Each structure stands twice: as structure tokens, then as C-alpha cells.
Number of protein chains: 2
Amino acid sequence: MAQQEARQRRPSIHDVASHAGVSAATVSKVLAGVTTVKPENAQRVFDAVERLGYRVDPLASDMRRAKRRIIGAIMPEFESEFFGSMVTELEGLAEQRGYTLVAASSRESEAREKEILARMHDWRVAGVVLAPVRNEHGPAAAFMKAHGMTGVLIDRVLSDDAFDTVSADSFAASAEVARMLIGNGHSHILVIGLAEQAATVRARLEGFRSQALALNPSVRIDVITSEVSVAPLRSSLRDYFGRGERPTAVYSLLLKGTLVALSEFRRRGWHCPDDISLVGFDDAEWMQVTWPAIAAVVQPVRQIASEAMNLLFRRVEGDAGPPTARLEPCQVLMRESVGSPGSGPHSGGGDRQQPPLS
Amino acid sequence: MAQQEARQRRPSIHDVASHAGVSAATVSKVLAGVTTVKPENAQRVFDAVERLGYRVDPLASDMRRAKRRIIGAIMPEFESEFFGSMVTELEGLAEQRGYTLVAASSRESEAREKEILARMHDWRVAGVVLAPVRNEHGPAAAFMKAHGMTGVLIDRVLSDDAFDTVSADSFAASAEVARMLIGNGHSHILVIGLAEQAATVRARLEGFRSQALALNPSVRIDVITSEVSVAPLRSSLRDYFGRGERPTAVYSLLLKGTLVALSEFRRRGWHCPDDISLVGFDDAEWMQVTWPAIAAVVQPVRQIASEAMNLLFRRVEGDAGPPTARLEPCQVLMRESVGSPGSGPHSGGGDRQQPPLS
DNA sequence: GTGAAAGCGCTAACAT
DNA sequence: ATGTTAGCGCTTTCAC
């Protein structure tokens with residue numbers, strides 16, 4: 001008995017037309033808001049629409065129009081807060097302009113990214129918001145260029161000669177982290193990251209390094225990065241600490257690194273910030289409720305999304321100016337995971353100390 | 001200079017036809033894999049397709065077909081790991097069958113949920129995977145029924161008289177949690193939740209309560225739920241502890257509750273599991289790297305997604321059997337946040353104790 | 001085996 | 001101010 005009620009044909013524009021006693025063209029005009037229609041007829045159309053429960057078929061409508069009112073969004077993954085809220089934001093912004101957002105996950109694969117892009121091209125989307133797996137020089141951006149697609153590149157990009165780009169200002173944010181750590185007296189800092197070839201991750205590293213060295217030329221900065229996945233990063237980190245290295249602070253250039261660092265600390269029974277300080281690029285909801293709360297760089301998701309959509313629609317509407325490269329400022333949230341080196345256990349907002357009941 | 005290369009018309013099936021010296025109908029047949037075409041002509045078609053870089057326009061194709069090869073997915077949010085991986089899974093499964101998944105977020109609003117559904121109806125999607133904001137009795141499911149849409153309901157549902165449903169077996173998982181907590185000697189347990197009217201959350205509560213009482217009839221179970229959002233839950237919890245209530249364990253029926261509980265513990269300087277034990281429904285990546293690691297009920301995302309798609313496509317292909325209600329088993333992951341009451345600080349895998357370097 | 005013809009539901013010229 | 005005509009790009013009878 002489920003779902004078997006005959007799904008009879010939905011009313012088409014012609015049904016409305018005949019019920020209203022006008023032509024389909026007139027119905028179309030009324031619904032498009034053309035004002036040159038006789039008010040009486042317009043009213044009859046509205047009545048018929050109401051009575052039949054008519055709604056325009058957006059696909060049929062797009063079929064006839066020059067450009068389809070669909071925006072494609074390609075994210076490396078959907079599982080993280082960052083990309084999850086990015087999609088939510090983009091969806092809202094697309095809707096506001098009467099477009100539908102079709103989102104797809106490249107699952108951190110450049111091959112898949114290109115395939116998805118091809119599929120979106122088949123769909124003849126009006127534009128694409130691409131958060132590339134690696135950077136602006138991947139095969140996906142090349143595909144977009146080759147096929148004359150309109151698009152914006154976001155997140156893991158800095159600038160491009162063909163597309164507008166929008167991303168967090170990694171360099172500035174990292175410099176800010178450096179100021180805070182150096183200011184707290186740290187002089188041996190480990191930076192961990194993934195995919196060093198991504199321009200943004202490099203910017204995060206360089207922003208940190210340059211500012212740190214400027215403030216304290218004798219600071220020791222160790223760097224551990226891993227190209228591919230998170231597993232080798234974990235083992236490198238394990239080796240590093242296993243060799244007896246004891247930096248007083250760790251700066252993780254990406255969320256997964258922060259998790260790895262935390263779990264390695266745990267494994268060794270180290271606590272933040274007494275035994276070691278920790279800051280991560282990318283914030284997450286849980287970071288403010290764990291004990292200690294984890295300091296993090298917060299990326300301006302809303303601004304990135306809205307700027308990206310602004311630029312994209314400018315292009316969709318035909319603007320052909322030179323591509324722009326936007327960097328949106330981040331916020332650095334200092335939390336309890338950062339202390340001063342050598343101040344020992346139970347000193348820096350440390351363990352089992354009663355926090356203020358604010 | 002960006003994006004201005006004239007995006008010349010893409011080759012249509014007629015272009016392929018003329019290049020191959022056959023009719024559009026034949027091209028269509030070849031591409032559809034019809035075998036009754038003369039091999040020689042088929043080859044010429046493939047050649048032309050190759051030379052022109054032709055790809056069928058899926059929308060135009062769907063236009064003519066009876067049913068469009070689009071599946072809609074509506075999730076309450078995209079920001080959590082659970083729904084993020086759900087979308088990823090669904091996307092893959094839809095693709096496998098040659099369908100495109102169009103996902104949308106209802107942002108925890110039933111009003112928006114219904115609007116999105118209407119839009120998907122406009123799109124004439126072949127089917128919908130709906131994860132309703134509240135439960136199977138909301139306006140969205142009613143809309144689907146009223147319009148004869150095909151669909152599956154997942155996650156916050158138990159069973160329905162019109163649609164197949166797939167969700168985690170909340171009842172059984174909660175009973176398992178009860179066994180573990182009671183087994184550890186807890187006799188005063190606080191259960192916290194949101195949206196008590198959601199059938200699944202009620203199942204989580206009842207599964208826990210019935211099993212706990214069966215094992216220890218004198219167990220004290222306090223329940224704090226809040227209808228709307230997370231803020232009132234937080235203040236109720238604050239009041240509760242403020243009154244001097246001191247359960248030895250907290251079971252949170254949903255992820256956000258786990259975060260609230262943790263942050264309230266923090267605020268009071270309590271540590272798990274020495275001061276209080278904690279288990280949460282819904283696992284998250286960070287829970288295994290914090291100290292202590294948080295015990296959690298893991299929902300079988302992949303199974304739910306794949307079962308949902310199986311059922312959905314059965315309907316899409318015309319099956320009209322009675323609706324089924326599937327419950328997929330969860331896994332309960334005990335972690336360090338759970339200890340035994342009264343065993344005091346530093347006893348139950350507690351603070352600053354060196355964990356084994358496994 | 002293959003192609004001509006007829007649309008899917010809509011909109012944009014062009015007449016009137 | 002409105003209707004007629006001609007498609008958008010494709011698939012599908014149904015003749016040949």
C-alpha cells in the first residue's frame with residue numbers, strides 16, 4: 001500500500017493556460033513578472049495556478065534559457081565542520097539568487113575532482129565554486145580553463161591567472177600565532193603539517209617562520225610534514241618525540257594534525273599546557289569544551305563563502321575583468337592549551353585547577 | 001582576460017550525427033548501448049563522439065525520459081561528522097547507479113524542510129532520502145505522501161505507514177550502555193537529551209531506562225531534556241548541578257549534549273572519569289584523542305546509507321510492497337571517560353596516569 | 001537496421 | 001496586450 005497512489009502527471013503550463021483561458025506564453029509572462037499583462041488576465045492566471053497547484057519545472061525552464069540556474073560546488077570532503085558550514089553557506093547564497101546548489105565531494109582525490117567537474121560541465125552549470133584538493137594548479141582548474149567554465153577557487157588557493165580566488169589569510173594568521181608563542185617565551189617550536197605543496201599550507205608555514213624569526217632570531221623551529229595522508233605524519237611525530245626531542249610548543253597547520261598531535265601527547269601522558277603547548281590552524285566546536293580548551297585559528301567561513309559567491313555571480317553575469325585574489329582575515333583564539341615554557345605543572349591554567357565559574 | 005574565451009556552443013547530438021553520417025536517433029541508440037546497430041555505423045558514431053568531445057546533456061536527456069535520474073537528499077545539517085559522511089556515502093551510492101545526488105540542508109527547520117522538498121518535487125527527482133528534523137510525522141513526510149513522491153526516511157525515525165525507514169538501533173544501543181554503566185556500579189545516572197518528542201531519542205531513553213531498571217531496580221535515573229535548542233539544556237544542567245545533584249555518570253542522548261556536558265564539567269573543574277563518568281550517543285573523531293577519550297555509541301553510517309539507497313531504488317523501480325522499518329545495530333565504544341563510582345581520583349585510568357604506549 | 005516525427009515543459013521572438 | 005511559432009537537446013515510437 002505504500003507509495004502506490006498513481007502519481008498522475010503534474011499540471012503543465014498548458015493546463016494553467018487553458019484553465020485561465022489564455023495562452024501558455026501569457027502564463028509564462030505573468031509568472032515571470034512581466035507587467036504588460038492585463039490585470040484581469042493576470043488574476044485569472046494566478047487563480048488557475050492556485051487551483052491546480054502549478055509550479056514551474058526549473059529544468060524545463062533552464063532548458064530553454066541560455067544559462068542554467070545551477071551552481072556547482074566541489075569540496076574535498078563533507079565530514080569536517082569547515083566544509084560542512086561552507087556548503088551550508090554557499091547553499092543559502094545560491095538560493096537567495098534563485099539558483100540551486102549542487103554539491104559534490106572530491107574525497108580528497110584530484111582524479112575524482114576532475115570527473116565531478118566534467119559532470120558539472122555536462123549539467124551546464126552557470127558556475128562552479130571549487131575548493132581544490134591540492135591547489136589552484138591541479139587538473140580541475142585546468143579543465144575549467146580548457147572548457148571555458150565560469151568559476152571561483154576557494155580555500156587551498158592563493159591566486160590564479162584565470163579565476164578569482166578567495167581564501168583565509170593563512171600568512172597573517174600564522175604570523176599572529178608566532179607573535180603569541182614567541183611572546184609567551186617559547187623558543188623551540190614544532191610545526192606539523194600535511195601536503196606541503198599546497199600553497200596555503202606553505203603560506204601558513206612561512207608566515208609563522210618569518211614572524212617567529214623576526215621576533216627571536218635564535219628560535220628553533222622544527223618542521224614535520226607528510227605529503228600524502230595522516231598516518232605517516234603520525235609516525236614521523238612518534239619518531240621525533242621518540243628521539244627525545246622536546247619542543248615547548250606545537251603549531252599544527254591543519255585540523256587533522258591537531259588531532260594527531262593531541263593523540264600523541266595523550267599516548268605519552270603529556271598534558272597541555274604544562275608539558276607542551278598546542279595551537280592548531282582551523283577551529284572546531286569541540287575545542288572549546290575539552291580540558292584544556294585548544295587554541296586555534298578560526299577561518300572566516302561566512303566571509304569566504306559570501307565573497308566567493310559575489311565574485312562568481314559577477315562572472316556569471318558577464319564581467320570579464322582580470323581575476324582577483326582575496327584573502328580574508330582569520331581570528332586567532334588563544335585558549336588554555338597555550339602556556340609559557342618552564343612554568344611547570346599546575347601553573348598555566350593547568351590541570352585540576354578550578355576555572356572561574358564565569 | 002579571465003574567462004572570456006568565447007564559450008562556444010557545445011556539440012549536440014545532431015553534430016555527432018552529421019559528423020558520423022547517421023541520424024540523431026542512431027547516435028542515441030549507440031550511446032544507449034542498443035546492439036541492433038550496424039557495427040560499422042556504431043564505430044563512426046564513437047569516432048565522431050571522440051573527435052567532438054561530445055557528452056550527453058543529462059538534463060535534456062532526463063527531460064524526455066519518464067523519470068529524472070536525480071536523487072534528493074535532505075539533511076538537518078551538514079556541519080556534523082554524522083551527516084557529512086552520510087551525504088558522502090549517499091552520493092557514492094547514487095553515482096554507482098548513474099544518478100546524481102542533490103543534497104540540501106534543512107538547517108534544523110521543519111518549515112525549510114518542507115520548502116526544500118517542494119523544490120525537489122519541482123525538480124521531479126526520482127526519489128528522496130529524507131533525514132527529518134524531528135520525526136516521521138512532520139510536515140515533510142506529509143508533503144511527500146500528498147504528492148505521491150518516492151522516498152526513504154532515515155535517522156530520526158522509527159517506522160512509518162507510507163515510507164521505508166532506516167535508522168540506528170537506538171533502543172538496543174542504549175540498553176548496552178545501561179549494561180555497561182550498571183555493570184560498573186553506577187546507581188545514580190543523569191540522562192540528558194534534546195527534542196524528547198523525536199521517537200528515536202525517546203527510544204534511546206527508554207532502551208536505557210528499561211535495561212538499567214531491569215539490572216538494578218533501585219537505580220536512580222534523572223532526566224534532563226530540552227525541547228528546542230541547546231542553550232536551555234545547558235542552563236538546566238547548570239541548575240541541576242548547582243542544586244548539588246551529583247550523579248556518578250552522565251549519558252548524553254546526542255552529540256551536542258555530550259559537548260554541553262563536557263563544558264559544564266570543565267566549568268566546575270570536574271574530570272572524567274574520576275569525578276563523573278560520561279558516555280555519549282554519536283561518536284566523533286576528536287573523542288578518541290582527547291584526554292580522557294570519550295565513550296560513545298557509534299552509528300553505522302555506511303549501513304544506514306546503503307540500506308536506505310537499496311530500499312529507495314526498489315521503490316523507484318516500481319516496487320509497491322508494504323513499507324519496511326530497518327534498525328541497524330550500533331557499536332558501543334567504551335573509553336576512558338567511564339569509570340566506577342567511588343573509586344576516587346587517579347584510580348580509574350585517571351588523570352596524569354601514564355597510558356600504556358600500545 | 002535506420003531515420004522521420006513527435007514531443008518532454010518551458011520561454012523568447014515575432015506577429016498581431 | 002496576447003497568441004503563434006519555433007525551438008533548448010534529447011529519446012522514443014513507428015514506419016520504412
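Remember, predicted model here, so these are calculated numbers, not experimental data. Chain letters run A, B, ... following the sequence lines, proteins first, then strands; residues in each count from 1.
The aromatic rings of A:His121 and A:Phe143 stand perpendicular to each other, their planes meeting at an angle above 60°, with 30° marking the opposite boundary.
Taking a 4.0 Å limit (strictly below) on heavy-atom distances, residues 39-56 of chain A reaches DNA chain C at A:Tyr54, A:Arg55, A:Val56. Within residues 13-21 of chain B, the residues approaching DNA chain D are B:Ile13, B:His14, by heavy-atom distance under 4.0 Å.
Scanning for side-chain hydrogen bond (donor to acceptor under 3.5 Å, both in side chains) contacts around B:Arg314 gives an empty result, with sequence neighbours left out. Remark: B:Asp62 engages B:Arg69 in a side-chain hydrogen bond (donor to acceptor under 3.5 Å, both in side chains) (not counting sequence neighbours). When the side-chain hydrogen bond (donor to acceptor under 3.5 Å, both in side chains) test is applied to A:Arg55, the partners found at least two apart in sequence or on another chain are B:Asp122. The side-chain hydrogen bond (donor to acceptor under 3.5 Å, both in side chains) search around B:Thr324 returns B:Asp164, not counting sequence neighbours. The ring pair (Phe, Tyr, Trp, His ring centres under 6.0 Å) search around A:Phe313 returns A:Tyr99, not counting sequence neighbours.
Put simply, the side chain of B:Glu307 never gets that close to the backbone of B:Arg326: no donor and acceptor are under 3.5 Å apart.
Residue B:Arg302 qualifies as open at atom CZ: its count of foreign heavy atoms under 6.0 Å is 12 or below.
Among residues at least two apart or in separate chains, there is no salt bridge (charged side-chain N to carboxylate O under 4.0 Å, His left out) pair with a member in residues 17-30 of chain B. Applying the salt bridge (charged side-chain N to carboxylate O under 4.0 Å, His left out) test to residues at least two apart or on different chains, the pairs with a partner in residues 126-142 of chain A are A:Glu110-A:Arg134.
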Table of protein N/O atoms under 3.5 Å from nucleotides 4-8 of chain D N/O atoms:
{"residue": "D:dG7", "atom": "N2", "partner": "A:Arg64", "partner atom": "NE", "Å": "2.6"}
{"residue": "D:dG7", "atom": "N3", "partner": "A:Arg64", "partner atom": "NE", "Å": "3.1"}
{"residue": "D:dC8", "atom": "O2", "partner": "A:Met63", "partner atom": "O", "Å": "3.4"}
{"residue": "D:dC8", "atom": "O2", "partner": "A:Arg64", "partner atom": "N", "Å": "3.3"}

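A rotation axis mapping the C1' atoms of four pairs onto the next four is fitted at both ends of the helix from C:dG1-D:dC16 to C:dT16-D:dA1 over five pairs, and the angle between these axes is 50° to 10 degrees.
Residue A:Leu59 holds its CG atom at 4.5 Å from CZ of B:Arg68, rounded to the nearest 0.5 Å.
Nucleotide D:dT11 holds its C1' atom 12 Å from the CG atom of B:Leu31, rounded to whole Å.
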| request: Evaluate the side chain to side chain donor-acceptor pair (under 3.5 Å) criterion for residues A:Thr26 and A:Ser23: first the C-alpha distance (whole Å), next the side-chain angles of each, then the deciding distance (0.1 Å), finally the verdict. | output: CA-CA 5 Å; A:Thr26 303; A:Ser23 75; 3.2 Å; yes
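The footprint of chain A on DNA chain C, defined by a heavy-atom cutoff below 4.0 Å, extends from C:dG9 to C:dA12.
With salt bridges taken as basic N to acidic carboxylate O contacts below 4.0 Å, none links A:Arg107 and A:Glu115. Contact check on B:Glu91 versus A:Arg112 returns a salt bridge, with a Lys/Arg side-chain nitrogen under 4.0 Å from an Asp/Glu carboxylate oxygen. A salt bridge is absent between B:Glu317 and B:Arg97; no separation between the charged side-chain nitrogens and carboxylate oxygens falls under 4.0 Å.
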